[in-house]
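Order of the sequence lines fixes the chain letters, A, B, ..., with proteins taken first and strands second; residue numbering starts at 1 for each chain. As the structure is a computational prediction, the values presented were derived from the model and not from experiment.
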Amino acid sequence: MEQLVALWHNTGLYQMTPGQGFMIVIGMLLLYLAINKNFEPLLLVPIGFGGVLANIPGAGLAEAGGVLHMFYTVGIESGAFPLIIFMGVGAMTDFGPLLANPRTLFLGAAAQFGIFATLMGAVALSYFGIMDFSLADAAAIGIIGGADGPTSIYVASKLAPDLLGAIAVASYSYMALVPLIQPPIMRALTTESERKIKMTQQREVSHREKIIFPLLLLLLVAFLLPDAAPLLGMFCFGNLMKECAVVDRLSNTTQNSLINTVTIFLGLAVGSKLSADKFLDITTLGIVILGLAAFSIGTASGVIMAKLMNKIGGGGINPLIGSAGVSAVPMAARVSNKLGLESDPHNFLLMHAMGPNVAGVIGSAVAAGIMINYVGG
Amino acid sequence: MNTPTLIEEGLNLMLFGMGFVFVFLTLLVIVTSLMSWIIIKIEKNIGVIPDEGVVAPTTFIPPHGPLAEQPATDDKTLISVLTAAVHKYRSRK
């Protein structure tokens, strides 16, 4: 009889706390969104499953010694996984559209306003005593507005490891929701005639320019903002491997097998942060709301900047490409393209929107570097 | 009483951060444009036929006869075949 009782005490059912049960449901919800609704499945499947695993009572997968905790310590706490992903992203990025029209970098800069506006929002929430965020927390939440998963995780792991789970989930969910969040804002801020503006065909960019650009960017980062060097350094390295065309084997590995491998472990490790005591908190709600605000403000400021450049620069810039200044490559550029086609079925903005899109990646990495520099150092 | 300073710090970080992002990307625009300008200058002569002309070809390959004579206006059958295919594909859904 005693053995039976002991066995019962060891079952998950006996040990389960309501919080854990709820988190397992949330993990399942993420899996449902990923599998049925196709929301960033590459990340939400591992994250959701990791979340379920982390909350199995008694198994302790996410506690010290557990395998998920190990993934977390090795990959995220050290900052390695987001950086490796960034290298892969670099190897997949084509700077051609950006080089053809360098002015689009300004759009990538303007869209980062969402990050800093949200930071103010988070600080204001603590000021009025609604929530309790430190400056570091606020900075990590703001970076959700950069719409860049690896950057958010990197910054959160450096500045606010406690909030990492919520920040990563919010960041990736909003990236999946880009086609829903952005269009209303873009329509509200532009007129029909502005949406119809045709952009001139881009000039051809030579191979040499593409090889030199990552090196140039690296030097600029090295001179001005060493705190952004981990992110942008890996990004430039990946891009150089692709463009120099003499290490195709390495470049292919980086773009495919390596980034996929790391994504699996990154997802599981982020999922391990979805433990009940950390996630079921009012701050998570705050992060989700602030993240949405960050995203919307970023989109809006990008569009406004594009309108401004169109006015000052003598026309020729369709304001719709401004929204692509939040990174979310290539989803945001596709949204710009789609809205352009709605107004004029012959107006293809995709390549024009790729410029601000990759500029947004650079911009949010620079913003991340500033946050880490200011708050951490 | 550190809440007011938190707001101040936030404002500081916002102004400093946004300013720096713009400065950085402006510099990047300048440097990139300069780089492109230089490279376009260097590469200007690539692909341009030199003044002394190109050496004339020594052999002459005639174009394929039947290919050149293919009727270009007979699109009717092609269109009807394509229409049927599209129709079949749509009705399958």
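- Looking at A367(A), the atoms closer than 4.5 Å to chain B (heavy atoms on both sides) sit in the backbone and in the side chain alike.
- In this structure, the portion of L216(A) lying under 4.5 Å from any heavy atom of chain B is its side chain and not its backbone.
- The local environment of OH in Y154(A) is crowded, with over 12 non-hydrogen atoms from other residues, nucleotides or ligands closer than 6.0 Å.
- Taking both residues in full, the closest heavy atoms of S336(A) and I321(A) are given as OG-CA, 3.9 Å, listed atom of the first, atom of the second, then distance.
- Heavy atoms of A117(A) lying under 4.5 Å from chain B belong exclusively to its backbone.
- In this structure K158(A) satisfies the salt bridge (Lys or Arg N to Asp or Glu O under 4.0 Å) test with no other residue, sequence neighbours excluded.
- Most heavy-atom pairs under 4.5 Å with chain B, from the set G142(A), G369(A), S206(A), G363(A): that is S206(A).
- Between chain A and the residues L28(B), I30(B), L11(B), the most heavy-atom pairs under 4.5 angstrom are made by L28(B).
- In summary, of the residues considered (I144(A), I115(A), I143(A)), a side-chain contact (heavy atoms from CB on, under 4.5 Å) with V155(A) occurs for I143(A) alone.
- If you measure heavy-atom distances from L105(A) to chain B, the contacts under 4.5 Å come from both the backbone and the side chain.
- In this structure, the portions of M18(B) lying under 4.5 Å from any heavy atom of chain A include both its backbone and its side chain.
- For V221(A), the parts lying near chain B are the backbone and the side chain together; criterion is any non-hydrogen pair under 4.5 Å.
- Note on residues 225-243 of chain A: no pairs pass salt bridge (Lys or Arg N to Asp or Glu O under 4.0 Å), not counting sequence neighbours.
- Across all their heavy atoms, G121(A) and L290(A) have their closest contact at C-CD2, 4.0 Å.
- Interface remark: I39(B) contributes side-chain atoms only to the contact with chain A (heavy atom separation under 4.5 Å).
- Heavy-atom distances place no part of L15(B) under 4.5 Å from chain A, backbone and side chain included.
- Across T104(A), L217(A), V205(A), the residue that shares the most heavy-atom pairs under 4.5 angstrom with chain B is L217(A).
- For T299(A) and S323(A), the side-chain atoms include no donor-acceptor pair closer than 3.5 Å.
- Of all heavy-atom pairs between D148(A) and S364(A), the closest is OD2-OG, 3.8 Å.
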